[in-house]
Amino acid sequence: MTDLRNPGMSSIPQTAPVHTDSTSPAVEMDPVEYTLRKRLPRKLPKRRNDVYVNMKTDFRAQLARCQKLLEGGGHREICVHGLGLAINRAINIALQLQASSQGALQLAANTSTVELVDDLEPEDPDEAGEPMTRTRNNSAIHIKVFYPDPQ
């Protein structure tokens, strides 16, 4: 029986099909000839109580910003948004907020899929083809952290 996971094969560069639009056939692309430039994701409308979590900013700073909005900012609810790798961090921030409030805060989470666009620019504009774009999907989470209405 042959082993499908050959460790020697991992160093060989793989070509990936790149679609310029949804109706064109797949184009073979050499990854050495193109530079990948990731565009910023399309953001939801920015409100004062929205917090967009990322992996570059310190966790404690993001948590403190959320606490400041809930306690000192006069907001009864905030919405914590996380995309891709930042989903775990967004969940952790929401759970930390709930734990620090001794259960006074409630959470409501929604997930979605966000379409992202990447630009593929040729390394050598004279030799390579024209710039291309590639679309891909990424997971997102939107967590509403709120004080419930008193009954």
Open item on the list: Looking at every non-hydrogen atom in both residues, tell me the closest pair between C66 and V80 and how far apart they are.
Closed with: SG-CG2, 4.3 Å
Task: Geometric class of the H142/H81 ring pair [parallel <30°, tilted 30-60°, perpendicular >60°] - done: perpendicular
Task: Nearest heavy atoms of A104 and P148, plus distance in Å - done: O-CD, 3.2 Å
Task: Rounded distance (nearest 0.5 Å) linking atom CG of L116 with atom CZ of R136 - done: 4.5 Å
Open item on the list: Let me confirm one number: the CG-CD1 distance from N88 to I93, rounded to the nearest 0.5 Å.
Closed with: 11.5 Å
TODO: May I have the step-by-step check of side-chain contact (heavy atoms from CB on, under 4.5 Å) for I78 and L97, ending in yes or no?
DONE: CA-CA 11 Å; I78 63 171; L97 289 169; 4.0 Å; yes
- [ ] Please check if the side chain of R76 supplies one atom and the backbone of L70 the other of a donor-acceptor pair under 3.5 Å.
- [x] no
Open item on the list: Are M55 and Y52 connected into the same hydrophobic cluster when the rule is that any two of I, L, V, M, F, W, Y join if their side-chain heavy atoms are below 4.5 Å apart?
Closed with: no
Task: Joint cluster assignment, L63 & I141, ILVMFWY side-chain distance < 4.5 Å - done: yes
Task: Spacing of OG1 belonging to T113 relative to CG belonging to L83, to within rounding of 0.5 Å - done: 10.5 Å
Open item on the list: Taking L85 as the starting point, is it possible to reach I91 by hopping between hydrophobic residues whose side chains are less than 4.5 Å apart?
Closed with: no
TODO: Please answer: with hydrophobic residues joined when any side-chain heavy atoms are less than 4.5 Å apart, are V145 and L95 in the same cluster?
DONE: yes
TODO: Please assess V114 against S112 for the test side-chain contact (heavy atoms from CB on, under 4.5 Å), listing each intermediate value before the final yes or no.
DONE: CA-CA 7 Å; V114 177; S112 67; 4.3 Å; yes
- [ ] Of all the heavy-atom pairs spanning I143 and A90, show the shortest one and how long it is.
- [x] CD1-O, 3.7 Å
- [ ] Using modelled atom types only, decide if a donor and an acceptor are shared between the side chain of Q106 and the backbone of F146 within a distance under 3.5 Å.
- [x] no
Task: Under 3.5 Å: donor-acceptor pair, side chain of Q62, backbone of T57 - done: yes
Task: Atom of L120, atom of R134 and distance for their closest heavy-atom approach - done: CD1-CB, 4.3 Å
